[in-house]
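Note that the numbering runs from 1 along the sequence shown for the chain. Only a predicted model underlies this, so the values are computations on that prediction, with no experimental measurement involved.
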Amino acid sequence: KGKKIKIVPLEITTNSRNYSEINANDFPLCLVLGNELTGVSNEIIGLSDFSLEIPQYGFKHSMNVSVAYGIAVFDY
């Protein structure tokens, strides 16, 4: 944060945006990936500038972290 790099967890939070809505003004950023079972820690979420989420439909709202990373950075 001291170097003006935004902290951005890939996590569903009250401050999350759809991953496809990211734009040039959001960079530079550090994309934080969490544990597949427990996600990103509340401490990191508290330090974040905003969160990115991948919309999912149905009952399960999680996916393999490597798959989520691939989806999040595919266009960037």
Side-chain angles (χ1 to χ4, degrees):
K1 285 180 113 34
K3 294 183 179 185
K4 305 295 183 208
I5 298 171
K6 295 173 183 72
I7 308 298
V8 182
L10 185 57
E11 187 73 52
I12 298 171
T13 69
T14 57
N15 194 28
S16 60
R17 298 171 14 198
N18 188 310
Y19 78 100
S20 66
E21 296 173 2
I22 196 143
N23 61 62
N25 293 328
D26 295 318
F27 290 90
L29 64 80
C30 172
L31 183 63
V32 180
L33 305 174
N35 179 287
E36 290 181 23
L37 297 177
T38 59
V40 176
S41 73
N42 288 332
E43 179 181 4
I44 298 297
I45 291 172
L47 295 171
S48 67
D49 293 280
F50 60 92
S51 298
L52 291 180
E53 69 176 80
I54 299 170
Q56 298 175 65
Y57 304 97
F59 295 105
K60 189 164 173 98
H61 292 285
S62 66
M63 66 178 64
N64 177 282
V65 69
S66 63
V67 172
Y69 170 78
I71 292 169
V73 301
F74 176 74
D75 249 351
Y76 308 99

| For Lys3, salt bridge (charged side-chain N to carboxylate O under 4.0 Å, His left out) partners two or more places apart | none
| note | The side chain to side chain contact (heavy atoms under 4.5 Å, CB included) partners of Asn64 (sequence neighbours excluded) come to Glu36, Ser66, Val67
| task | State the SG-CG distance between Cys30 and Leu33, to the nearest 0.5 angstrom. | result | 9.0 Å
| For Asn42, side-chain hydrogen bond (donor to acceptor under 3.5 Å, both in side chains) partners two or more places apart | none
| task | Identify the two heavy atoms, one from Asn18 and one from Pro55, that lie closest to each other, and give their separation to 0.1 Å. | result | ND2-CG, 3.1 Å
| request: Give the other cluster members for Ile44, using side-chain heavy-atom distances under 4.5 Å between Ile, Leu, Val, Met, Phe, Trp and Tyr residues; answer none if it is isolated. | output: Ile7, Val32, Val40, Ile45
| field | salt bridge (charged side-chain N to carboxylate O under 4.0 Å, His left out) contacts touching residues 39-59 (sequence neighbours left out) | value | Lys1-Asp49
| remark: side-chain hydrogen bond (donor to acceptor under 3.5 Å, both in side chains) filter on Thr13, not counting sequence neighbours, yields Ser51
| said: Strictly by salt bridge (charged side-chain N to carboxylate O under 4.0 Å, His left out), give each pair with a member in residues 9-20 just once, sequence neighbours left out. | reply: Arg17-Asp26
| query | Where do Leu31 and Ala72 come nearest, in terms of heavy atoms and distance? | reply | CD2-CB, 4.2 Å
| query | With sequence neighbours excluded, what pairs up with Pro28 under the side chain to side chain contact (heavy atoms under 4.5 Å, CB included) test? | reply | Ile5
| How long is the span from the CD1 atom in Ile22 to the CZ atom in Phe50, to the nearest 0.5 Å? | 4.5 Å
| request: Please name the pair of heavy atoms, one in Tyr19 and one in Leu52, separated by the smallest distance, quoted to 0.1 Å. | output: CA-CD2, 4.0 Å
| Non-hydrogen atoms of Ile71 and Met63 that approach each other most closely | CD1-SD, 3.8 Å
